Engineer: 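Please see the structure below; I have some questions.
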Amino acid sequence: MSEKRESLNFLEQIIEEDLKNGKYTSIQTRFPPEPNGYLHIGHTKAIWVNFTIAQKYGGKTNLRFDDTNPSTEETIFVENIQKDIKWLGYEWDNLFFASDYFEQLYNFAEQLIIKGFAYVDDLTSEEIAELKGTPTSPGKNSPYRERTVDENLAIFRDMRAGKYKDGEKVLRAKIDMGHTNMLMRDPLLYRIKHQHHHKTGDTWCIYPMYDFAHGQSDSIEEITHSMCSLEFIHHRPLYNWFIEKLGIYPSKQREFARMNVSYMITSKRKLKKLVENGIVTGWDDPRMPTVAGMRRRGYPASGIRLFCEKTGIAKRNNLQEIALLEACIKEELNKTCHRMMVVNDPVKLTIKNYPEQTHETLSAINNPENESDGERELIFSKHLYIERADFMEDAPKKFFRLSPGRNVRLKNAYIIHCESFVKNDEGQIEEIICSYYPDSKSGSDTSGVKAKGTLHWVSQEHAIPCTIREYDRLFKTEAPGTTEGVDFLDEVNEKSLVINKKAYMEPALHTYPKGETVQFMRIGYFRIDEDSTNDEFIFNRTVLLRDSWKKG
RNA sequence: UUUCCUGUAGUGUAAUGGUAGCAUGUUUGAAUUUGGAUCAAACGGUAGGAGUUCAAGUCUUCUCAGGAAAACCA
């Protein structure tokens, strides 16, 4: 009888309030990456927040590259970031660059000078830091703070004209050197950098700092809700100060907690070190938390989106469990992946009452979750491979698989009975001898025989060898890089990649294209890697069906 | 020692001042042509004190705990 109120996160509550009281009539958001690296799992949350909230309220989202530091930014990152955002399933309404606004920002700076809110400082960076004070003690005014408007204007124009060297002068806001918020202690607005910019070339030799570019860029684009991570909360008073002093469009900054994921790192510096030290093969190594890495691992974009949705938005520092990420990935993969049979660690199995020279074709449903995916053919014969782990000489009661005297169903085929086994000189099982019940065929079983478990298998003669890259989490510790005195490189899981070259796959897999993800029945999800050739089929392990970390 | 932010099951995230819910996790069970998925059940929570109130996870205040803030980075 009573309608269930939809629960809103705090950002949605703010937006609904703003819309209701007419503060804004529509909303506009933005995703503002700096083009100096690759997007990672942390960015996906920011992307998700900005795009889905705008979508929900019929608003728009811009992609804006925050390219105010020519020393670190490159075109290659601009391209990759766009590719990743599209892959994640989002489309921006406008593509902008902070550098599009350089002229406008310069004019803003002159306006501030004219109004007496900015001045040129000749101090060195060390001297500026010295006078800045500390969080607990106030700073002191620069001796250059009281220059006249005309003098400031003249020098600032000379700065733009290239009359000074890097570091010789800076433009600062004139706020309050005694402010409790250190960002309000006359922050730097412009610095001199005689450096080529990826977009503006050599047009400029002065570049605005983040604080003087970000809020004004938001304002120029009439961003209503500028949503960023908690670390920028101290910047908000400054963000508002510029907008107020310049009398421009009143964008509002709102902060939410960034998403951290257990066993992952997102520090750009540390990720770079992994690549440089050869611990991973590159930025798109399937173990990397980058969008490129997750894509190659086989994580579907829909699963990543689902993860962002399920983890929610709040203002508390959080560490999301990787198990939840993997649950989301599996939930999506389960809907779409074909169920295939691949034996990872083969042991021979011979069916003694099955004719030697013949084989038969059986049919298998590609995906029971999606009937329209149809069926495919399997080849069954006397000589098979099954998983070594699916046989136990002395099995406990709870072991549902093969053991002497026990029955088991071979998936899509027959129920077999284990008669005996053969060991080699080292005491290792070499061959398992079984008999089969001819009238127990899947789909037309009239045998009445019971089998507790079901095993996957391949035919020795028909199976195709393949390589499996068994990826695991990159780190051994839940929050790598956060323990004092411990180098994060020492926390790397040395078994994060095991290459398995002894596996056999069912023949039908041969026709599946690179980039396709399938389920290896009873094992997990695997993606056909781009490194595959006609001679070698290579799979990347995306995620296991069951979490093996807690057991054993 | 200053300022700001945040404290709800193991981990996350909800709850016009009025039934602490959901997901994940763990365990067990049912069913099953995957020890998956599905279904069912169990486990497990408001940091502490004081105040306001008929009623506080929610409002006020104090304590405690965690995080953040010093770059010519964003």
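What you see is a predicted model, and the numbers here were worked out from it, not measured in a lab. The figures here come from the full heavy-atom set of this structure, side chains too, leaving out hydrogens, waters and symmetry mates. In the text below, chain A, chain B and the rest are named by the order of the sequence lines, each starting its count at 1.
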Engineer: Pull out every protein N or O sitting under 3.5 Å from an N or O of nucleotides 58-68 of chain B, one pair per line with the distance.
Structural biologist:
from, atom 1, to, atom 2, distance (Å)
B:G67, O2', A:Asn317, ND2, 3.1
B:A68, O2', A:His234, NE2, 3.2
B:A68, N3, A:His234, NE2, 3.3

Engineer: Extract the stems that RNA chain B is part of, considering only consecutive pairing runs of at least three Watson-Crick or G-U wobble pairs, both distances under 3.5 Å.
Structural biologist: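 As far as RNA chain B goes, consecutive pairing (with distances under 3.5 Å) yields the stems B:2-7 with B:64-69, B:10-13 with B:21-24, B:25-30 with B:38-43, B:47-51 with B:59-63.
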
Engineer: Are a donor atom and an acceptor atom from the side chains of A:Asn62 and A:Glu221 found within less than 3.5 Å of each other?
Structural biologist: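 Yes, a side-chain donor-acceptor pair sits under 3.5 Å.
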
Engineer: Restricting to pairs with a member in residues 316-342 of chain A, which pass ring pair (Phe, Tyr, Trp, His ring centres under 6.0 Å), not counting sequence neighbours?
Structural biologist: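 Counting only pairs at least two positions apart or across chains, the ring pair (Phe, Tyr, Trp, His ring centres under 6.0 Å) contacts touching residues 316-342 of chain A are A:His338-A:Tyr512.
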
Engineer: Applying salt bridge (charged side-chain N to carboxylate O under 4.0 Å, His left out), name anything that partners A:Asp390, two or more places apart in sequence or on another chain.
Structural biologist: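 Result, salt bridge (charged side-chain N to carboxylate O under 4.0 Å, His left out) vs A:Asp390: A:Arg401, A:Arg522.
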
Engineer: Can you list the residues that meet the side chain to side chain donor-acceptor pair (under 3.5 Å) rule with A:Tyr414, with sequence neighbours excluded?
Structural biologist: A:Glu360

Engineer: Determine the Euclidean distance between corresponding P atoms of B:G18 and B:A55; express it in Å to zero decimal places.
Structural biologist: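 Comparing P positions in B:A55 and B:G18 gives a spacing of 14 Å.
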
Engineer: Using the C1' atom as the reference point in each nucleotide, state the distance between B:U63 and B:G7 in Å, no decimals.
Structural biologist: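 Pairwise C1' distance, B:U63 against B:G7, rounds to 14 Å.
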
Engineer: OP1 or OP2 of B:A71 versus the side-chain N and O atoms of A:Arg191: is any pair under 4.0 Å?
Structural biologist: no

Engineer: Who are the side-chain contact (heavy atoms from CB on, under 4.5 Å) partners of A:Ile365, not counting sequence neighbours?
Structural biologist: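 Result, side-chain contact (heavy atoms from CB on, under 4.5 Å) vs A:Ile365: A:Pro368, A:Glu375.
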
Engineer: Please enumerate all residues that pass salt bridge (charged side-chain N to carboxylate O under 4.0 Å, His left out) together with A:Arg406, with sequence neighbours excluded.
Structural biologist: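 A:Arg406 satisfies salt bridge (charged side-chain N to carboxylate O under 4.0 Å, His left out) with no residue once adjacent residues are dropped.
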
Engineer: Go through the structure and list residues passing salt bridge (charged side-chain N to carboxylate O under 4.0 Å, His left out) with A:Lys169, not counting sequence neighbours.
Structural biologist: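 A:Lys169 satisfies salt bridge (charged side-chain N to carboxylate O under 4.0 Å, His left out) with A:Asp122 once adjacent residues are dropped.
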
Engineer: With a cut-off of less than 4.0 Å, is there a side-chain N or O of A:Arg546 near OP1 or OP2 of B:G35?
Structural biologist: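 For B:G35, neither OP1 nor OP2 has a side-chain N or O of A:Arg546 closer than 4.0 Å.
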
Engineer: Side chain to side chain donor-acceptor pair (under 3.5 Å) with A:Asn366: which residues, sequence neighbours excluded?
Structural biologist: A:Arg376

Engineer: Would you tabulate the nitrogen or oxygen pairs shorter than 3.5 Å linking the protein to nucleotides 37-48 of chain B?
Structural biologist:
from, atom 1, to, atom 2, distance (Å)
B:A37, O2', A:Asn334, ND2, 2.9

Engineer: Considering just the side-chain nitrogens and oxygens of A:Thr68, establish if one lies under 4.0 Å of OP1 or OP2 belonging to B:A74.
Structural biologist: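 True: A:Thr68 side-chain N/O within range (under 4.0 Å) of B:A74 OP1/OP2.
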
Engineer: Is there a side-chain contact between A:Lys330 and the phosphate of B:U34, meaning an N or O under 4.0 Å from OP1 or OP2?
Structural biologist: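 No, outside the criterion.
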
Engineer: Would you please name every residue forming a ring pair (Phe, Tyr, Trp, His ring centres under 6.0 Å) with A:Tyr207, sequence neighbours left out?
Structural biologist: A:Phe102, A:His197

Engineer: With sequence neighbours left out, write down each residue that passes salt bridge (charged side-chain N to carboxylate O under 4.0 Å, His left out) with A:Lys163, or none if nothing qualifies.
Structural biologist: A:Asp158

